[in-house]
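For reference, the structure is listed below as structure tokens.
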Amino acid sequence: MIGSARVAFERALTAFVVFLLAGLAVVVLLGVVCRKLGISLVWYDEGASIMLAWLTYYGAALAALKRAHIGFPGLVNAMRPRLRVPAVWFGEACVIAFFALLTVFGVRVLAILGGDTMVSLPDVPTRFTQSVIPIGGACFIVAQLLSLPEVLRQARGGGLVDHEQQPVAEVMK
């Protein structure tokens with residue numbers, strides 16, 4: 001069940017990240033072309049900044065699902081096998097606690113923003129643009145939990161896979 005949920009979550013996040021990346025490319029290209037033609041878009045800078053922030057949060061959640069963030073698998077792998085699992089649990093608890101705080105305080109920020117709107121697009125509420133904070137935090141937590149069983153399996157076995165060293169190991173074969 002976790003495997004199918006993970007695949008579905010990964011596909012949804014990947015599709016959304018690709019959509020954001022393509023949208024950001026279109027907005028930037030449109031902004032450059034319009035500026036070159038002398039008809040600068042009022043909303044371009046603010047819109048592109050918000051899209052980049054969204055891409056960062058959702059892309060980070062996708063990277064967490066793939067365990068592609070900077071980590072210390074060598075430190076865990078250097079431990080005795082019976083200490084690896086507790087070390088993984090401790091690390092996961094720290095990451096999840098951080099993103100739980102981010103999510104909770106992100107919701108509080110949305111409450112504070114009230115009826116504020118974007119400067120260049122007054123019809124777009126700031127709550128919408130900043131909703132990425134709690135949603136991104138929650139997505140990161142889900143990603144960590146969905147990838148946790150595989151990490152625990154690795155910790156119980158030969159050790160954690162070092163995603164930074166994996167391409168080097170493949171080339172050296």
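Take F16 and apply the ring-ring contact (aromatic ring centres under 6.0 Å, His included) test, not counting sequence neighbours, and it matches Y58.
Considering every non-hydrogen atom in both A155 and L160, the closest pair reads N-CD2, 3.9 Å. Nearest approach of A61 to A143, heavy atoms of both residues: O-CB, 3.4 Å.
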Listing, residues 1-9 side-chain donor-acceptor contacts under 3.5 Å, not counting sequence neighbours, or none:
unit_1: S4; atom_1: OG; unit_2: M1; atom_2: O; d: 2.9
unit_1: R6; atom_1: NH2; unit_2: L65; atom_2: O; d: 2.5

Cut-off 3.5 Å, no hydrogens considered: what does the side-chain donor-acceptor table look like for residues 17-36, sequence neighbours left out?
none

Below 3.5 Å, can you tabulate the donor-acceptor pairs from side chains in residues 86-106 to any protein atom, sequence neighbours excluded?
unit_1: E92; atom_1: OE1; unit_2: R67; atom_2: NH2; d: 3.2
unit_1: E92; atom_1: OE1; unit_2: Q144; atom_2: NE2; d: 2.9
unit_1: E92; atom_1: OE2; unit_2: R67; atom_2: NH1; d: 2.7
unit_1: E92; atom_1: OE2; unit_2: R67; atom_2: NH2; d: 3.2
unit_1: E92; atom_1: OE2; unit_2: Q144; atom_2: NE2; d: 3.3
unit_1: T103; atom_1: OG1; unit_2: F99; atom_2: O; d: 2.7
unit_1: T103; atom_1: OG1; unit_2: A138; atom_2: N; d: 3.2

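The hydrophobic clustering, which links ILVMFWY residues whose side-chain heavy atoms are closer than 4.5 Å, places M79 and V151 apart. Residue F128 is grouped with residue M118 when hydrophobic side chains (ILVMFWY) are merged at heavy-atom distances under 4.5 angstrom, including chains of intermediate members. W54 and V119 sit in two unconnected hydrophobic clusters of ILVMFWY residues. Membership requires side-chain heavy atoms under 4.5 Å apart, directly or through other members. A continuous path of ILVMFWY side-chain contacts below 4.5 Å connects V124 to I133, so both sit in one hydrophobic cluster. Following chains of ILVMFWY side-chain contacts shorter than 4.5 Å, one cannot reach V109 starting from I135, and the two form parts of different hydrophobic clusters.
Panel note: side chain T14, backbone R11; no donor-acceptor pair is recorded below 3.5 Å. At distances below 3.5 Å, not a single donor-acceptor pair connects side-chain atoms of R84 with backbone N or O atoms of Q154. Side-chain atoms of H69 never come within 3.5 Å of backbone atoms of A63 as a donor-acceptor pair (strictly under, hydrogens ignored).
Residue pairs meeting the salt bridge (Lys or Arg N to Asp or Glu O under 4.0 Å) criterion with at least one member in residues 111-125: none, sequence neighbours excluded. Every pair tested for salt bridge (Lys or Arg N to Asp or Glu O under 4.0 Å) that includes a residue from residues 46-63 fails, sequence neighbours excluded, so the list is empty.
Looking only at side-chain heavy atoms (C-beta outward), R156 and L152 come within less than 4.5 Å of each other. Using a 4.5 Å cut-off on side-chain heavy atoms (C-beta onward), D45 and S120 make no contact.
Annotation: the span from S131 atom OG to L113 atom CG amounts to 10.5 Å, rounded to 0.5 Å.
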